[in-house]
Every structure is written in C-alpha cells, then in structure tokens.
**Q** 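Supplied in structure tokens, the structure appears directly below.
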Amino acid sequence: MPSIQMSADIWATGQVLDGGNGESISRFLGTRLESHDVATGVLRVSYATRPEFANPAGVVNGGIVSAMLDDAMGILVVAQSGGLKLPVS
C-alpha cells in the first residue's frame, strides 16, 4: 500500500483510515498537523499547551511532552506505511 499523503484537512476529519475515528489522545493533546512530506518522511505537527499541562514550575510536564512525541511518531508510522503498520501505543 502506498504512503498516505497526510494533510491538515484529512487529519481534521478524524478519518485517516477507513473506519477510524482518529486517536482520542490526539484530540486531547490538540494535535495540529502542519505538513507532511511523503518523499522525505518528514511530518510537522504542533500542540497548543494548556494550563493543566504545566508542572509546578509552570512548564509543560515531561509526561505530556512524551505523549506529544509518541502521538507524532504514531501519525508518521501510519502515514508512511499507508496504514499497514499501526503503533502499539
């Protein structure tokens, strides 16, 4: 299966794969797909932080940052494999 050219429009529908409803963690984190280049395998996403993501020092908690990285890598795996591979987390 060829790669899926991911776009903000496709991502916004929540229907990346047939029958899929998008990841709830992506919705929770407010994932915004900025760009995806199939040829180079480069995906750019952004996240708007929220006050509840902050640790006592006022910066984004490391666990939230890890979740954001995991989310971005999962999107890329699905897109580059054409939906044949799904991340386990």
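These figures come from a predicted structure and were not determined experimentally.
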**Q** Enumerate the residue pairs fulfilling ring pair (Phe, Tyr, Trp, His ring centres under 6.0 Å) with a member in residues 57-81, sequence neighbours excluded, ordered by first and then second residue.
**A**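 For residues 57-81, and leaving out neighbouring residues, there are no ring pair (Phe, Tyr, Trp, His ring centres under 6.0 Å) pairs at all.
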
**Q** Under the ring pair (Phe, Tyr, Trp, His ring centres under 6.0 Å) definition, can you give me all pairs with a residue in residues 59-80, not counting sequence neighbours?
**A** none

**Q** Give every donor-acceptor pair under 3.5 Å between a side-chain atom in residues 46-54 and any protein atom, sequence neighbours left out.
**A**
| residue | atom | partner | partner atom | Å |
| --- | --- | --- | --- | --- |
| Ser46 | OG | Glu34 | OE2 | 2.5 |
| Tyr47 | OH | Met68 | O | 3.0 |
| Tyr47 | OH | Asp71 | OD2 | 2.8 |
| Arg50 | NE | Glu52 | OE2 | 2.8 |
| Arg50 | NH1 | Phe28 | O | 2.7 |
| Arg50 | NH2 | Glu52 | OE2 | 3.4 |

**Q** Assigning hydrophobic clusters by single linkage (Ile, Leu, Val, Met, Phe, Trp, Tyr; side-chain heavy-atom cutoff under 4.5 Å), is Met73 placed with Val60?
**A**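 Yes, Met73 and Val60 fall within the same hydrophobic cluster.
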
**Q** Is the closest side-chain heavy-atom distance between Asn55 and Val59 below 4.5 Å?
**A**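 Yes, side chains in contact.
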
**Q** Name all pairs fulfilling the salt bridge (charged side-chain N to carboxylate O under 4.0 Å, His left out) condition that reach into residues 74-86, sequence neighbours left out, sorted by first residue then second.
**A** none

**Q** Apply side-chain contact (heavy atoms from CB on, under 4.5 Å) to Leu43 and list each qualifying residue two or more places apart in sequence or on a separate chain.
**A** Leu33, His36, Val45, Ile75, Leu76

**Q** For Ser66, check side-chain contact (heavy atoms from CB on, under 4.5 Å) against everything at least two apart and list the hits.
**A** none

**Q** Output, in order, the C-alpha distance, side-chain angles, deciding distance and verdict of side-chain contact (heavy atoms from CB on, under 4.5 Å) for Val77 and Leu86.
**A** CA-CA 7 Å; Val77 166; Leu86 300 175; over 6 Å; no

**Q** Of all the heavy-atom pairs spanning Pro87 and Gly74, show the shortest one and how long it is.
**A**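 Shortest heavy-atom contact: CG-CA, 3.5 Å.
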
